[in-house]
Structures are given as C-alpha cells and as structure tokens.
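Written below as structure tokens is the structure these notes are about.
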Amino acid sequence: MKNQNHPFHLVDPSPWPLTSSIGAMTMTSGIVMWFHMKMSYIMITGMLIIIMSMIQWWRDIIREGTFQGKHTIIVTKGLKYGMILFIISEVFFFISFFWTFFHSSLAPTMEIGMMWPPKGIMTFNPMDIPLLNTTILLCSGITITWAHHSIINMNHSQTVKGLFLTVILGLYFTMLQAYEYMESPFTMSDSVYGSCFFIATGFHGLHVIIGTTFLIICLMRTMKFHFSSKHHFGFEAAAWYWHFVDVVWLFLYISIYWWGS
C-alpha cells in the first residue's frame with residue numbers, strides 16, 4: 001500500500017465475471033432444455049461453471065481484503081453502501097410477489113370462484129411446519145446476532161459456535177421446506193394461489209440457500225482467523241442478508257400461510 005496515492009481499490013483484471021456470465025447463460029439455456037426436452041446435462045454444466053467461478057472469485061476477494069490490505073476504511077464503506085442497495089433491491093423484488101398475492105386475494109375473480117383460497121385448494125395448516133420454520137428462522141436470527149457480538153468482543157470460540165448453529169438452522173429450514181413441497185396437496189399450476197405460493201416461498205427458499213452458503217464461507221473464514229473485531233465486513237454483510245431473509249419469512253408466514261389460508 002505504500003505506493004498507493006489514493007484510498008480506493010482499483011480492481012485487478014479478472015476472468016471471473018466473464019466465466020460467470022458464460023455459466024449463467026449455459027445454466028439458463030439448460031433449464032429451458034430441461035423443461036422442454038428433459039435434458040439436464042447442459043444445466044448441470046452451467047451450474048458447475050458458476051460454482052467454480054464463485055470459488056475462485058471469492059478466493060481473489062478474500063486475498064485482496066484479508067492479506068493484501070486493499071479494503072481500506074473508505075473501500076469498506078463503499079462495500080457497505082453496495083450491500084445496503086442490494087438488500088433494498090431484494091426488498092422490492094419480494095414486494096412484487098406480495099403485490100400479486102394481495103391483488104388476487106383481496107378481490108377474487110370469477111375464474112377462481114370469487115373466493116380465497118380458490119375453490120378446490122387445500123391449504124397448509126399454519127400451525128404445523130410453517131410455524132416450526134418460523135421458530136427456526138427466529139432462532140437463527142438470535143444465533144447470528146450472538147456470533148456478531150462475539151466477533152466484536154474478540155471471542156473466537158463463541159463466534160464459531162454461533163455461526164455453526166446458524167448454518168445448522170438454515171439447513172434444517174431448507175430440509176423442512178423441501179418436505180413441505182413434497183407433501184403439498186396442490187401444485188404451481190393450481191390457479192393463481194399455487195403460482196403465488198410456490199413463486200414467493202420458492203424464491204425465499206433460494207435466498208435461504210444462498211444465505212446459508214454465505215454463512216458457511218464465513219464460518220470457514222472465521223475458523224482460519226480471517227476476521228478481527230474491526231475488520232469483518234464479509235461476516236457483517238452475511239448477517240445483514242440473513243436478517244433480511246428472516247424478516248421476509250415473517251411477512252410470508254403472516255400473509256400467505258396464516259391470513260391467506
């Protein structure tokens with residue numbers, strides 16, 4: 001850093017944006033072929049390209065921020081603003097699903113029997129697995145906060161324990177949601193209710209998987225002592241994202257599972 005005359009980080013040339021784009025295009029094309037021709041190998045190839053690009057791209061960023069000292073205070077502030085804007089965009093992403101749900105449920109049309117839930121739809125009991133999943137995510141919010149306070153207080157063992165429990169709870173949530181989908185009495189093609197339900201809860205489930213992956217990487221980095229009480233934005237971003245996932249689930253549970261049923 002002694003030859004750097006500015007506080008900003010100029011990113012080194014990297015091939016990973018290009019390989020990630022190729023992987024995303026391959027995976028998307030493969031999904032279309034999987035839907036229409038039952039051929040999954042192109043989709044799997046695209047997913048493997050994306051995973052390989054992610055691993056190597058994250059490796060380079062960890063190297064720049066942790067070992068080369070390129071993530072200065074000003075750079076970290078910019079990363080925080082970027083993460084905040086990303087979460088705001090995600091909020092509006094889910095608002096579109098809630099808008100669709102309430103537009104259809106508050107004024108049911110003749111096509112669905114002028115009733116909500118639509119005629120013939122057997123909904124989930126909100127006091128069963130949905131309530132358990134709500135409890136799991138609320139508990140995970142407690143454990144990630146425990147880990148966050150532990151890293152600020154330089155308590156390494158408590159940080160590892162809190163992160164490990166959060167990862168376990170995230171995986172448990174995903175397993176229960178997969179079981180719920182397999183036991184569902186309706187499908188995505190069952191009127192607007194099925195579409196709204198599986199699109200909203202499915203995208204939330206995808207965000208839980210992404211957040212869990214985020215936390216697993218943070219757990220591995222914590223065990224390698226990459227974070228300090230002053231320099232741990234990677235962990236902080238994961239915690240913000242996880243709290244966002246928790247809040248979205250609360251709205252999903254109240255509106256779709258409880259009120260909507």
Side-chain angles (χ1 to χ4, degrees), residues 17 20-21 23-25 27-28 31-32 35 46-47 50 53-54 57-58 61 75-109 112 116-118 123-124 126 130 133-134 136-138 140-141 144-145 148 166 169-170 173-174 177-178 180-181 188-215 217-218 233-261:
S20 298
S21 301
M25 182 183 68
M27 185 183 70
T28 307
I31 290 173
V32 174
F35 282 175
M47 292 175 66
I50 290 175
S53 301
M54 285 166 52
W57 200 347
W58 292 348
I61 293 173
V75 173
T76 303
K77 185 182 291 187
L79 293 173
K80 288 182 178 180
Y81 289 149
M83 190 65 191
I84 290 170
L85 290 173
F86 169 68
I87 291 176
I88 290 173
S89 72
E90 292 283 277
V91 168
F92 282 95
F93 178 73
F94 278 98
I95 283 176
S96 65
F97 299 144
F98 287 111
W99 189 295
T100 304
F101 177 80
F102 285 110
H103 173 79
S104 302
S105 60
L106 292 175
T109 61
I112 59 174
W116 194 267
T123 61
F124 289 102
N133 270 343
T134 303
I136 289 169
L137 280 188
L138 289 176
S140 71
I144 192 70
T145 303
H148 195 182
T166 309
L169 290 170
F173 176 93
T174 303
Q177 189 170 39
E180 182 183 64
Y181 278 9
M188 191 172 182
S189 59
D190 285 330
S191 78
V192 69
Y193 184 90
S195 300
C196 288
F197 177 87
F198 282 104
I199 285 289
T201 60
F203 268 111
H204 177 268
L206 177 63
H207 282 71
V208 171
I209 293 172
I210 294 171
T212 305
T213 306
F214 206 166
L215 292 173
I217 299 300
C218 287
F233 176 68
F235 173 86
E236 201 170 18
W240 292 355
Y241 189 83
W242 196 254
H243 287 308
F244 158 74
V245 169
D246 287 351
V247 172
V248 170
W249 175 258
L250 289 177
F251 281 100
L252 281 173
Y253 176 75
I254 293 171
S255 60
I256 295 180
Y257 282 101
W258 182 64
W259 180 84
S261 65

For the atom pair [atom1] ([X]) and [atom2] ([Y]), what is the distance rounded to the nearest 0.5 Å?
X	Y	atom1	atom2	value
Trp242	Leu169	CH2	CG	8.0 Å
Thr76	Met83	OG1	CE	14.0 Å
Ser140	His243	OG	NE2	8.5 Å
Ile88	Phe92	CD1	CZ	7.5 Å
Cys196	Phe98	SG	CZ	11.0 Å
Ile144	Thr166	CD1	OG1	4.5 Å

Inset, instruction - Please test Leu138 against Leu250 for side-chain contact (heavy atoms from CB on, under 4.5 Å), starting from the C-alpha separation and ending with a verdict. - result: CA-CA 9 Å; Leu138 289 176; Leu250 289 177; 4.1 Å; yes
Using side-chain contact (heavy atoms from CB on, under 4.5 Å) as the criterion, list what pairs up with [X], not counting sequence neighbours.
X	value
Val247	Phe251
Met47	Met27, Met43
Ser89	Phe86
Trp57	Trp16, Pro17, Ser20, Ile61

What closest approach, in Å, do [X] and [Y] show between heavy atoms, and which atom pair accounts for it?
X	Y	answer
Gly260	Pro117	O-CG, 3.4 Å
Ser261	Thr123	CB-OG1, 3.5 Å
Asp246	Gly141	OD2-CA, 3.4 Å

Legend entry - ring pair (Phe, Tyr, Trp, His ring centres under 6.0 Å) partners of Trp259, counting only residues at least two apart: Phe102
Inset, instruction - Identify, with sequence neighbours excluded, every residue that meets ring pair (Phe, Tyr, Trp, His ring centres under 6.0 Å) alongside Trp116. - result: Phe101, Tyr193
Legend entry - Qualifying side-chain hydrogen bond (donor to acceptor under 3.5 Å, both in side chains) pairs, either residue in residues 77-86, two or more places apart: none
List for me each residue that meets side chain to side chain donor-acceptor pair (under 3.5 Å) alongside [X], sequence neighbours excluded, and say none if there are none.
X	answer
Glu180	Tyr257
Ser53	Thr19
Thr134	Trp249
Asp190	Thr187

What pairs of donor and acceptor atoms, side-chain ones from residues 198-212 against any protein atom, are under 3.5 angstrom apart with sequence neighbours left out?
from	atom 1	to	atom 2	distance (Å)
Thr201	OG1	Tyr181	OH	2.6
Thr201	OG1	Phe197	O	2.6
His204	NE2	Val245	O	3.0
His207	ND1	Phe203	O	2.6
His207	NE2	Glu90	OE1	2.2
Thr212	OG1	Val208	O	2.7

Inset, instruction - Tell me, yes or no, whether the heavy-atom count around Trp258 atom CH2, taken from other residues, nucleotides or ligands under 6.0 Å, exceeds 12. - result: no
Inset, instruction - Using atom types as modelled and distance alone, determine if a side-chain donor or acceptor of Thr28 lies under 3.5 Å from a backbone N or O of Met25. - result: no
Inset, instruction - Report yes or no: does Ser195 contribute a side-chain atom to a donor-acceptor pair with the main-chain N or O of Met188 at less than 3.5 Å? - result: yes
Inset, instruction - Check the pair Trp240, Ile84 against side-chain contact (heavy atoms from CB on, under 4.5 Å), reporting the backbone distance first and the verdict last. - result: CA-CA 9 Å; Trp240 292 355; Ile84 290 170; 3.9 Å; yes
